[in-house]
2 protein chains.
Amino acid sequence: MLDLYELKQFTAFADLGTLSKVAEKFHISTPSVTRSMQNVEECFGVTLFSRSKNRIELNETGRFAVEYAKKLIDEAEQTVQQVQAYDLKLKTITIKSCAPAPLWELLKKINNAGTGMTVSSSICSNEEVIHAVKNRLCDIAVLPFEISEEGFETSRFMNENLFVCVPEGHALAEYNQLSFEQINGFNFLLRSELGFWDTLCRTKMPASKFLVQTDDTVFNELVNSSSLPCFTTDYFPNRQVIYPGRINIPITDNEAKVNFYVAVRKGFFVNI
Amino acid sequence: MLDLYELKQFTAFADLGTLSKVAEKFHISTPSVTRSMQNVEECFGVTLFSRSKNRIELNETGRFAVEYAKKLIDEAEQTVQQVQAYDLKLKTITIKSCAPAPLWELLKKINNAGTGMTVSSSICSNEEVIHAVKNRLCDIAVLPFEISEEGFETSRFMNENLFVCVPEGHALAEYNQLSFEQINGFNFLLRSELGFWDTLCRTKMPASKFLVQTDDTVFNELVNSSSLPCFTTDYFPNRQVIYPGRINIPITDNEAKVNFYVAVRKGFFVNI
DNA sequence: TATTATTACGTTAGGCGTAAAGATT
DNA sequence: AATCTTTACGCCTAACGTAATAATA
C-alpha cells in the first residue's frame, strides 16, 4: 500500500535530485530515504530509478510516477482541508440581518443557549438578506417583512420604531411627531452598518445629506458635540441618558414602525 | 499525515457499522481498529464519530469524510495502475505488419537483440497499418510501399515474390509463369492472417473462391491431400520439401513482387 | 578529498495482540 | 449472556540511525 509520507520523499527527490538532500529536508538519515524509495518502487511494482554506484536517477516511468504522486499528495491535503471546512461550516451559525437591533437580540439568545457553535453574522440590505436565503448562504435571516422560502420557517420576532433625535434648541424640537417628508432636506448624523435603515432613510429623504460614522463611541461624541439631528429607536431604553439635552420625536410614517421577522433554516434548534 | 491503510479501515467501518466487523475483515484485533480510527480523527483534526460506551457511529462530518476518503483510496489505486500501465507500455514494442514474412524476420532480429522488451505484434491490412502509424498506435510498421510520417523513419526491408503452387497434374502446371488474370476463377486454399496478401488476392481474383484455414499444420495437410492450388512465396526456401509433388510458378504481375518497407518510431534503437 | 548511495547492524520506539474493564441490549 | 468499545500492558517487530563500504567526480 502506498505511503503518503514516502511519496512526499519521492516527489522531493524529483525536485532535489539526490537522496542526501531529501534526507536533509525531512531531517532523517540517508539510509532511511534509500529505504523509502525502495518501498515506493515496491508499492508501484515497477522500476522507477536507474541506479549507478553512487548516483540514483528517475527513469521515464519514475518521472511519470512523480507527476501522479504529486497529484495524489495534493488530493490528500485537499481532502483534509475539505473535511475541516465542512466541519467548521457545520458548527457555524450564519446570520444575515437587515438591522442591528434584532441581530443583537438574536445573538443574546444564541449565546444564552450555550451551544458550542461559532456564530458568523453580518448586517446588510434587505436584498442581500433575501439573496442569502434563496442561495442557502445563511441559517438565520432577519427581514422587516415576512418571507416564504422552502426549507425555512418564518416567525415574527420584535418591533422597532424610529425616532428623530434633536437638541432642545433645534428647529424640529418643537414638534411632538414628524414625517420623513418634514425632515427631508435636513442633514443628519448617521451610523454605518445600519442595514435596511440606511437604504430607507436615503430613499425617503433624497434631499438630505448624511454624515456617516462607523465607530460607536466616536459617533456618540459627535452627536453630543454637534447640533445636527440623528436617529434613534425605542430599542434603546437609555437613549435619553446617552444624549442629554436631546429630545426624541417619533416618526409617523408606517415605514418607521418596523416588525422584524426571523427566517430559520429547518432543523436548526434555536429557541427564539 | 493520512494513512491509506487506516483510511481503508475507516471506509470499511462506514460500510460495516461496527469496529469488530472491520477487525474481522482486515484480520486484525479490535483495539487495533480503535487506534486506527483515533488516528484518522487526529489526522483530519476534527471529530468524526459520536461515541457512547459500547457504540461508535459516524457523525455528519464523519459521513462526509468517508466519501472523500473513498475517493482518495480509489485515486491511489488508480495511480498505481496507471504507473504500471505506463511502464508496461514503455517496455512493449508494438508492431503492425501487412504480411507474415517480414514480421517474422523482424521478430527474429528483435529477439536476437536480447532486449528485455515485450513484443506485441499483429498482422493486418495496409489500411489498418497506416491507421496505427497515423495515431501512434505502433512503434514499428511494415508496409508494401514507402510511408512518410512525422516521427517515423522508413527504410527498405526485404523482398518477397508470390508463387502459385499446384500439383503436377494440374491444368496450370504446364505454365512456367502466370498472371492473376490467368488464375482468376480457380478456387484456392488460403491461409488466414495473411494481411495485405489476402486483400490483394481477393481484389485481383474476384471470380475465385478461397478456402481459408487458420491452423498451419492443418493447412499443410490440406494442401498435400488435395489438388487445389495454393500460394507460396520465395520466402520459404523449403517450399519444395513441404509440398512434395507440387510445382511453384511465379506470378508475373508487379503486385506479386513486393518490396517491404519498415517504418520505425524515432528514438527506438532497433537494428534492422 | 568530498559527496553519494547502499549495506550491515544494533538499538529503540511504536504498533500489535491479549487480557480485562465497563457498558449496553 | 453476548456483543461492543476502549484502556492497560507486555511483547516483538520493524523502522531508524550509526558506522562502514564502495564508487565517483
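A, B, ... follow the sequence lines: proteins, then strands. Residue 1 opens every chain.
Partners of Phe145(B) according to the ring pair (Phe, Tyr, Trp, His ring centres under 6.0 Å) rule, which considers only residues two or more places apart in sequence or in another chain, do not exist here. With sequence neighbours excluded, the residues that form a salt bridge (Lys or Arg N to Asp or Glu O under 4.0 Å) with Asp87(A) are Lys91(A). The salt bridge (Lys or Arg N to Asp or Glu O under 4.0 Å) check on Glu105(B) picks up Lys108(B), with sequence neighbours excluded. With sequence neighbours left out, the salt bridge (Lys or Arg N to Asp or Glu O under 4.0 Å) criterion links Arg35(B) to no other residue. The salt bridge (Lys or Arg N to Asp or Glu O under 4.0 Å) search around Lys257(B) returns none, not counting sequence neighbours. Scored by the side-chain contact (heavy atoms from CB on, under 4.5 Å) test, Asp198(B) finds Leu190(B), Leu194(B), Arg202(B) as partners (sequence neighbours excluded).
A cation-pi arrangement is present between Lys71(B) and Tyr68(B), with the terminal nitrogen or guanidinium carbon under 6.0 Å from the aromatic centre and inside a 45° cone about the axis.
Between His27(B) atom NE2 and dC16(C) atom P there is a gap of 16 Å when expressed in whole angstrom units. Tyr5(B) has its OH atom 12 Å from the C1' atom of dG15(C), to the nearest Å.
An OP1 or OP2 oxygen of dC16(C) is reached within less than 4.0 angstrom by a side-chain nitrogen or oxygen of Ser32(B).
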What side-chain donor-acceptor pairs closer than 3.5 Å can you find for residues 147-154 of chain B, not counting sequence neighbours?
| residue | atom | partner | partner atom | Å |
| --- | --- | --- | --- | --- |
| Glu149(B) | OE1 | Lys134(B) | NZ | 3.1 |
| Glu149(B) | OE2 | Arg136(B) | NH1 | 3.1 |
| Thr154(B) | OG1 | Ile147(B) | O | 2.6 |

Pairs under 3.5 angstrom only: tabulate donor-acceptor contacts from the side chains of residues 45-60 of chain A to other protein residues two or more places apart or in another chain.
| residue | atom | partner | partner atom | Å |
| --- | --- | --- | --- | --- |
| Arg51(A) | NH2 | Glu41(A) | OE1 | 2.2 |
| Arg51(A) | NH2 | Glu41(A) | OE2 | 3.2 |
| Ser52(A) | OG | Arg55(A) | O | 3.2 |
| Asn59(A) | OD1 | Thr61(A) | N | 3.0 |
| Asn59(A) | OD1 | Gly62(A) | N | 2.6 |
| Asn59(A) | ND2 | Thr47(A) | O | 3.0 |
| Glu60(A) | OE2 | Tyr86(B) | OH | 3.0 |

The contact string for nucleotides 4-11 of chain C, one letter per nucleotide 5' to 3', using protein heavy atoms under 4.0 Å with B, S and - for base, sugar-phosphate only and none, comes out as BSBB----
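Close approach of DNA chain D to chain A, defined as any atom under 4.0 Å from a non-hydrogen atom of the protein, starts and stops at dC16(D) to dT24(D).
Applying the side chain to side chain donor-acceptor pair (under 3.5 Å) rule to pairs touching residues 12-29 of chain B yields Asp15(B)-Lys70(B), sequence neighbours excluded.
Inter-axis angle, ends of the helix from dT1(C)-dA25(D) to dT25(C)-dA1(D), five pairs per end, rounded to 10 degrees: 20°.
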